[in-house]
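Since we're looking at a predicted model, the values are computed, not measured. Reminder, nothing fancy here: chain letters follow the sequence lines and each chain counts from 1.
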Protein chains: 2
Amino acid sequence: MQDFVNWFRSWVNSGCLLVFAANCEVRYSGRAESYLPKGDRLVMIKPDNSVHVHQPSGNMPVNHMREGAQQVIEEVDGCWVVRSSHAVNKEELLIQLHKVYFFQEQLLDDGKKVVVAGTEADMAEMIYDHPEIIEAGFTPLSREEHTKYGFIDVFGFDGDNNLVVIECKRQTADLHAVTQLRRYVEKIKQSKGLDKVRGIIASPEISANAKKMLEDWGFGWRRIKPPKFLEKYDKSQQRLDYY
Amino acid sequence: MQDFVNWFRSWVNSGCLLVFAANCEVRYSGRAESYLPKGDRLVMIKPDNSVHVHQPSGNMPVNHMREGAQQVIEEVDGCWVVRSSHAVNKEELLIQLHKVYFFQEQLLDDGKKVVVAGTEADMAEMIYDHPEIIEAGFTPLSREEHTKYGFIDVFGFDGDNNLVVIECKRQTADLHAVTQLRRYVEKIKQSKGLDKVRGIIASPEISANAKKMLEDWGFGWRRIKPPKFLEKYDKSQQRLDYY
DNA sequence: GGGGAGAGATGCCGC
DNA sequence: GCGGCATTTCTCCCC
């Protein structure tokens with residue numbers, strides 16, 4: 001343990017990523033309060049001073065501090081504690097150490113950003129490029145006009161010159177999506193002083209309840225799948241190739 | 001590298017957590033498509049076979065596979081690749097390794113769950129225990145009856161025997177909270193054939209727009225702060241104490 | 001630069 | 001397995 005304490009103190013602010021496994025208790029106070037009883041966890045502290053406590057299962061860290069925290073190790077009542085605090089966010093994380101299994105540090109050089117396709121914005125883009133997938137005669141507004149309406153995904157006119165608001169969802173549209181669309185339609189009606197504004201949800205799927213509420217409100221739905229520009233699926237090999 | 005490959009193969013399905021740092025490229029295909037160019041990252045694979053790729057900064061993993069994936073290491077075009085695939089979810093993650101800096105495995109024993117205070121459920125609990133914080137004469141329904149109505153936070157009668165639906169929000173209530181409350185009230189009105197059902201939002205704050213919409217719909221608001229049982233803030237010391 | 005408000009994404013829980 | 005909701009969120013826009 002003393003090895004770990006000395007090493008921890010020389011590591012602080014070294015710019016290295018730190019990772020260690022330990023038997024510990026964890027306490028958090030900030031936006032919520034939590035306590036995690038004694039058990040084995042993996043702790044990672046990044047060069048940006050974010051802290052991540054992981055249990056052996058589960059997708060999310062059981063506790064974490066965001067970047068900009070300050071870390072110290074100190075003895076409290078005969079027990080070593082890693083104290084991570086974030087004055088601005090009024091948050092504090094305490095990791096009470098009972099046994100440290102291993103520890104390791106590493107300098108990581110990485111400035112690259114991930115490139116993603118298949119988002120909601122890609123769906124809107126696709127509808128702009130191929131408005132006929134909504135319906136014959138549908139004409140989106142120019143992108144310049146569109147930006148004035150901010151949060152609406154796609155905005156245009158149908159063949160009868162009715163305004164149409166389209167809300168895109170990457171996956172199954174739910175009740176929330178319908179109430180959202182309804183708010184937008186009512187907002188546009190009001191600001192334009194219009195009587196009729198159509199609302200359409202574009203998504204690969206829609207839940208039964210959402211479909212019902214949509215129809216109750218006189219809105220429509222189009223089955224549209226988000227584009228996956230990077231994907232090249234080779235069925236014969238049952239694997240994925242890129243570029 | 002060959003050490004790592006051999007070690008990786010003996011580690012697979014050992015029940016240990018695995019962590020390594022490497023210079024790598026990462027490709028993902030599944031719910032979306034992504035590509036991350038060459039750089040240094042930390043990779044963690046848990047005993048539940050979830051995979052987490054972390055860059056040296058950022059709160060979230062840049063890529064991850066959820067529990068139940070299958071991991072193999074294989075040589076592709078002269079380069080070693082960790083392939084993680086999830087047949088059910090039709091997801092695949094490829095980590096192309098250029099250099100491995102360190103690797104470590106550890107058996108972690110942990111069955112404990114985190115205890116959180118200050119959630120929406122805690123607020124509902126508090127209202128059950130102290131119904132007078134809503135208003136004099138308010139009587140919540142028993143928890144058993146309450147479960148019949150599903151996801152409504154608190155449900156009861158006021159002094160005039162009107163039904164009251166209460167929606168709790170941990171922080172500032174927004175437009176979404178109001179539309180949610182409205183859905184619940186309308187649902188109850190319909191299923192009970194009632195003319196008058198009151199709706200109340202309980203939250204520490206409420207946005208101006210939400211307040212307005214709330215009043216337009218004849219609903220009410222009570223300023224209620226989520227309980228933080230674990231917190232004891234010692235102002236004189238400007239630090240936190242627990243228990 | 002800090003705070004507020006709205007929208008988005010993802011995990012989790014219950015049916 | 002799916003639907004619905006919560007969240008230790010994120011981001012942008014405003015001041």
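- Atom NZ in B:Lys187 sits roughly 12 Å away from atom C1' in D:dC5 (whole-Å rounding).
- When all heavy atoms of B:Gln106 and A:Ala21 are compared, the pair lying nearest together is CG-CB, 3.9 Å.
- The side chain of A:Arg170 contributes an N or O atom lying less than 4.0 Å from OP1 or OP2 of C:dT10.
- Checking side-chain atoms of B:Arg222 against main-chain N and O of B:Ile134 turns up a donor-acceptor pair under 3.5 Å.
- In DNA chain C, runs of at least 3 stacked Watson-Crick or G-U pairs (N1-N3 plus N6-O4 or O6-N4, or N1-O2 plus O6-N3, all under 3.5 Å) give these stems: C:1-7 with D:9-15, C:9-15 with D:1-7.
- Between B:Ala121 and A:Leu175, the one whose closest nucleotide on DNA chain D sits nearer the 5' end is A:Leu175.
- For A:Glu167, the side-chain atoms get nearest to C:dG8 when compared with the rest of C:dG8, D:dC10, C:dA7.
- Put simply, CG on B:Asp174 is 18 Å from P on D:dC12, counting in whole angstrom units.
- Within the 4.0 angstrom heavy-atom criterion, only backbone atoms of the sugar-phosphate kind lie near B:Asn59; the bases stay farther away.
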Could you tabulate the donor-acceptor pairs under 3.5 Å formed by side-chain atoms of residues 55-68 of chain B, not counting sequence neighbours?
unit_1  : atom_1 : unit_2   : atom_2 : d
B:Gln55 : NE2    : A:Asp110 : OD2    : 2.8
B:Gln55 : NE2    : A:Lys112 : O      : 2.8
B:Asn63 : ND2    : B:Ser34  : OG     : 3.4

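- Checking side-chain atoms of B:Asp122 against main-chain N and O of B:Thr119 turns up a donor-acceptor pair under 3.5 Å.
- Remark: B:Glu145 CD is packed, more than 12 non-hydrogen atoms of other residues, nucleotides or ligands lying under 6.0 Å away.
- Partner A:Ser29 forms a side chain to side chain donor-acceptor pair (under 3.5 Å) with one of A:Glu33, A:Arg31, A:Arg27 and no other, that one being A:Glu33.
- B:Ser84 and B:Gln71 are linked by a side-chain donor-acceptor pair at a separation below 3.5 angstrom, with hydrogens and angles left out of the test.
- In this structure, the CG atom of A:Asn89 is 18 Å from the P atom of D:dT7, given to the nearest Å.
- Between the P atom of C:dG6 and the CZ atom of A:Phe151 lies a distance of 10 Å, rounded to the nearest Å.
- For the pair B:Tyr184 and D:dG4, the criterion of a side-chain N or O lying under 4.0 Å from OP1 or OP2 is not met.
- A heavy-atom distance below 4.0 Å to DNA chain C is reached by these residues of residues 60-67 of chain B, ordered by number: B:His64, B:Arg66.
- As rounded to whole Å, 18 Å separates atom C1' of D:dC2 from atom NZ of A:Lys169.
- Remark: A:Glu186 CD is packed, more than 12 non-hydrogen atoms of other residues, nucleotides or ligands lying under 6.0 Å away.
- The stretch residues 202-222 of chain B touches DNA chain C through B:Ser207, B:Asn209, each having a heavy atom under 4.0 angstrom from the strand.
- Between A:Arg31 and D:dT9 there is a side-chain polar atom (N or O) within less than 4.0 angstrom of OP1 or OP2.
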Return a table of donor-acceptor pairs under 3.5 angstrom between the side chains of residues 198-214 of chain B and protein atoms on other chains or two or more places apart.
unit_1   : atom_1 : unit_2   : atom_2 : d
B:Arg198 : NH1    : B:Glu135 : OE2    : 2.9
B:Arg198 : NH1    : B:Asp158 : OD2    : 2.7
B:Arg198 : NH2    : B:Glu135 : OE1    : 3.1
B:Ser203 : OG     : B:Glu205 : O      : 2.6
B:Ser203 : OG     : B:Trp221 : NE1    : 2.9
B:Glu205 : OE1    : B:Arg223 : NH1    : 3.3
B:Glu205 : OE2    : B:Arg223 : NH1    : 3.1
B:Ser207 : OG     : B:Ala210 : N      : 3.3
B:Lys212 : NZ     : B:Asp216 : OD2    : 3.0

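- Listed nucleotides C:dG6, D:dG3, D:dT7 differ in distance to B:Thr119; the shortest reach to its side chain belongs to D:dT7.
- A:Phe8 and A:Phe103 have their aromatic ring centers separated by at least 6.0 angstrom.
- For B:Glu120 and D:dC5, the CD to P distance is 11 Å, given to the nearest whole Å.
- Taking atom CD on A:Gln171 and atom C1' on C:dG11, their separation rounds to 12 Å, with Å as the unit.
- The closest side-chain donor-acceptor pair between A:Gln180 and B:His176, if any, does not fall under 3.5 angstrom.
- Side-chain proximity of B:Arg183 to D:dT9, D:dT7, D:dC5: nearest is D:dC5.
- As a whole-Å value, the separation of B:Asp153 CG from D:dT7 C1' is 14 Å.
- In this view, A:Glu125 and A:Arg143 satisfy the salt bridge (Lys or Arg N to Asp or Glu O under 4.0 Å) rule, not counting sequence neighbours.
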